[in-house]
Amino acid sequence: MAETFITKEQFNTLYGANKEFVYFMEFIENDFRYVYINRSAEYVFDTNPEGKFLSEMVQNSDVQNKVKEYYLTAIATRQQTTFRDFYLFSEKKSANETVCTPIFQENHIYILAVTSNIHDQKKLEEKYLWLESLFEDKINPTVILLKDFTVFDVNLVYKKVFGCPLTEQQEFLKSDFINPDDEKKYFQCIKDTFNGNVSSPAIFSHRKSSGEVGDFLVGFSPINMENQVAAISIQWQELGSKVQLKKDSIQTTLLLDSYREALNAAANICITDKNGVIEFVNTGFEKQTQFHADELIGNTNALLNSRKHSQEFYQNLWNTILSGKLWRGEMCNRTKYGRMYWTDTTIVPIKNINGDITHFLGISFDISEKKAIMTNLRNVEKLFRLITEHTSDFIVITSEDGIIQYVSSTHEARLGYEKEELLGKFYFDLLTKESSIFLQNELKQIKKIGNSKMELEILAKDGRRHWIEAQISAVKDFDRKDEYQFVSVAREITERREMEKQLRFLAYHDSLTMLPNRRYLLEKFDELADDANSSGRSIAVLLIDGDNFKRINDEYGHNIGDEFIKNFGKALLSSLRDTDIVARIGGDEFVIILTKISLNLSKRNSQIEKTIKRIQKILRKGWRIKGEHFAPTSSIGIACYPEDGLEISLLLDKADTALYYAKKISGKDSYHYADMPTGNGGE
């Protein structure tokens, strides 16, 4: 198994004792390989899955595809993705929630998946949904009032029947809905109900949303919590059949009992007076704090202080609720036995009929496990950012049409761009023209094959060019159906490219004169021949041998001899056109390739001989090396394409033979054609 940035020992240190199932997986070729799992996750499998793929270990294709979908979403968005494997009111007994975090490390992509059992949370959500359904589906207009006569909740039927607005925390008796003549009657019925007295239904007249005035039998029912009236329910039944009234009354009573039970089971509740002294707690609050109600009532919540929050935190809380506003936040408390726990807490000020705050209602939910998971995930996120923001790689995510959606900080450090300058810009605009065209063509293939490696030339902000080797992958964009994103992870190879360029140059050029060598001629000649054939031209190959080179080495030494060779090559080069080629193929042997010359024999010979005269003239003029003047002569053998041969090797052989005759017959500073009879040549 390949090494990862985190070892098995480190993984076990972080997650070995976790009750949750923790999987650390690597994304490989559209599948996920298990790298590590913690001890809790071992019970999920019959055999250890480490080193194996998700497709091997999860046989159910629907489950396998669903898990892959969420993992790929996390990778594509580069953000944590949370999914559950249950639906409300399903018959499935277990309920799990998985948080998957993508981690990008060099050329590797990992997923850290943490699966928690949230069976209790599922039950809680089911109860909330059931409670809401019961309340909203009630056929009668219904309002829930708190002890200060403010509205706690209103069902949709009320709004439909009466049409007039009635909002939460609004004083019921001050609403336009109440006729001034009925205000005292409503007040007495509500007060009696809160005091625990059975209030008989009363008849009131109200204008309906249709504009008609109707008579309603209004019932007032207490909502008891721990033998205390915490709220009351008011229901309006338009006068009709007495049997129907009785039936609806029974149904309403059952509804309110269910509402009370569901509320008590769903949340941990604490009611204090305006000074924060606890007057009531439900069984959930007792279980959460591990204090008995008798130990809590009469004390303040300071009994639960964990010392985790500052004085400013509590001061802000009290300033908010004393101003009559609702406060919500996360709070760390301590149980009776010293265990820390976190809650998501809402504190609601409760007002009397005069608008004065008399109590505070606290509703809290234990989020300790979620808080622990989030802490672990934040640590992983820090590690991810540490890796991505300090890597030397160029990391880019673009849309399908090449618009940059994310860039790593390397683009700032190495290319001089600010991130804000690049986001929303076309990635192709950062490349040279050649690389941009190449990449746009390659992206079409990458969508089909999934990924590809290529070399691109990218421009820095100041115009400097950098070569990068990029691994580009196509991933589906889950936010847009049938769309793709491209993820590029690249590293700079400018120095490598320069080295390769130098090596290629040295492979095809003479190290002393920097002129092309024999290998260059062998590879270049076919191209020259094709050009000559298509244009109806000829090529002349001149093999040149300097006269008395050996004497110069013997008399002046190799250092002077090397300088002499360099100057000889420069002299030949200065005698030619830009389309011609000078190469050194041996110690004192040079080759000149004359291109684009006539196929007509006399014209061609005239062109060749004019070039030879220029060479001889420049050589006779000579040059000075360390105070010594040198004016060399040369012997030249000539072979022509296509008459003397179709391949460079054959032409060089014939030119070599012609050179031999030039030296033997004509002497120094002469030339000879390969197709001329022995004894024919130039001076």
Side-chain angles (χ1 to χ4, degrees), residues 497-529 531 539-596 608 611-612 614-626 628 630-639 641 645 647-660 662-663 668-669 671:
R497 290 278 301 200
E498 288 297 323
M499 182 64 70
E500 290 174 350
K501 183 178 178 181
Q502 293 177 19
L503 292 175
R504 282 195 299 271
F505 182 86
L506 293 175
Y508 292 96
H509 289 76
D510 172 53
S511 60
L512 179 62
T513 63
M514 296 296 118
L515 295 173
N517 56 19
R518 182 184 293 272
R519 181 184 296 174
Y520 180 90
L521 295 180
L522 292 175
E523 293 199 12
K524 184 70 173 177
F525 189 79
D526 288 342
E527 179 185 333
L528 298 175
D531 183 65
I539 300 172
V541 177
L542 281 62
L543 183 60
I544 302 176
D545 191 6
D547 297 329
N548 297 323
F549 274 13
K550 186 176 183 304
R551 182 185 63 81
I552 293 173
N553 274 331
D554 293 342
E555 186 174 343
Y556 296 98
H558 289 288
N559 290 337
I560 296 294
D562 288 346
E563 288 299 317
F564 181 88
I565 292 293
K566 291 179 185 178
N567 281 274
F568 194 91
K570 291 177 182 178
L572 296 180
L573 194 61
S574 66
S575 307
L576 306 177
R577 303 166 297 173
D578 291 340
T579 57
D580 299 330
I581 298 172
V582 178
R584 182 189 180 209
I585 63 172
D588 57 359
E589 286 188 327
F590 292 81
V591 174
I592 291 178
I593 305 292
L594 301 179
T595 63
K596 303 182 185 300
I608 294 171
T611 301
I612 291 175
R614 286 198 303 272
I615 292 171
Q616 291 174 335
K617 181 179 179 181
I618 290 175
L619 290 177
R620 287 168 184 162
K621 183 178 179 181
W623 52 83
R624 301 187 70 83
I625 302 175
K626 292 186 177 181
E628 296 290 335
F630 296 91
T633 59
S634 64
S635 300
I636 303 173
I638 307 164
Y641 174 92
E647 297 179 357
I648 185 63
S649 57
L650 180 58
L651 291 170
L652 287 173
D653 287 343
K654 290 194 175 183
D656 186 52
T657 302
L659 174 62
Y660 171 78
K663 288 183 175 182
K668 298 177 182 178
D669 205 19
Y671 59 90

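Values below: every heavy atom of this structure, side chains too, minus hydrogens, waters and symmetry copies. For reference, positions follow the sequence shown, starting with 1. What you see is a predicted model, and the numbers here were worked out from it, not measured in a lab.
A search for side chain to side chain contact (heavy atoms under 4.5 Å, CB included) contacts involving Ala658 returns His672, Ala674, not counting sequence neighbours. Applying the side chain to side chain contact (heavy atoms under 4.5 Å, CB included) criterion to Glu628, with sequence neighbours excluded, gives Tyr556, Phe630. Taking the side chain to side chain donor-acceptor pair (under 3.5 Å) definition, one finds that Asp510 meets it with Thr513, Arg584, sequence neighbours left out. With sequence neighbours excluded, no residue satisfies salt bridge (Lys or Arg N to Asp or Glu O under 4.0 Å) with Asp653. With sequence neighbours left out, the salt bridge (Lys or Arg N to Asp or Glu O under 4.0 Å) criterion links Glu563 to Lys566. A search for side chain to side chain donor-acceptor pair (under 3.5 Å) contacts involving Lys550 returns Asp554, not counting sequence neighbours. Remark: Phe549 pairs with Phe564, Phe568 by the ring-ring contact (aromatic ring centres under 6.0 Å, His included) rule, at least two apart or across chains. With sequence neighbours left out, the side chain to side chain donor-acceptor pair (under 3.5 Å) criterion links Arg624 to no other residue. Applying the side chain to side chain contact (heavy atoms under 4.5 Å, CB included) test to Ser635 and every residue at least two apart in sequence or in another chain returns Asp547, Leu659, Lys663. The side chain to side chain contact (heavy atoms under 4.5 Å, CB included) check on Glu523 picks up Tyr508, Arg519, with sequence neighbours excluded. Looking at residues two or more places apart in sequence or on another chain, you find a side chain to side chain donor-acceptor pair (under 3.5 Å) between Asp531 and Lys596. The salt bridge (Lys or Arg N to Asp or Glu O under 4.0 Å) test applied to Arg504 returns no partner, not counting sequence neighbours.
Applying the 6.0 Å contact sphere to CE of Met499 captures no more than 12 heavy atoms from other residues, nucleotides or ligands. For Glu555, the CD atom counts as densely surrounded, since its 6.0 Å shell holds more than 12 non-hydrogen atoms of other residues, nucleotides or ligands.
In this structure, Arg577 contributes its side chain and Thr595 its backbone to a donor-acceptor pair below 3.5 Å. No donor-acceptor distance shorter than 3.5 angstrom exists from the side chain of Ser634 to the backbone of Ile544, with no hydrogens or angles considered.
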Q) Taking it one step at a time, do Lys524 and Ile648 satisfy side-chain contact (heavy atoms from CB on, under 4.5 Å)? A) CA-CA 9 Å; Lys524 184 70 173 177; Ile648 185 63; over 6 Å; no
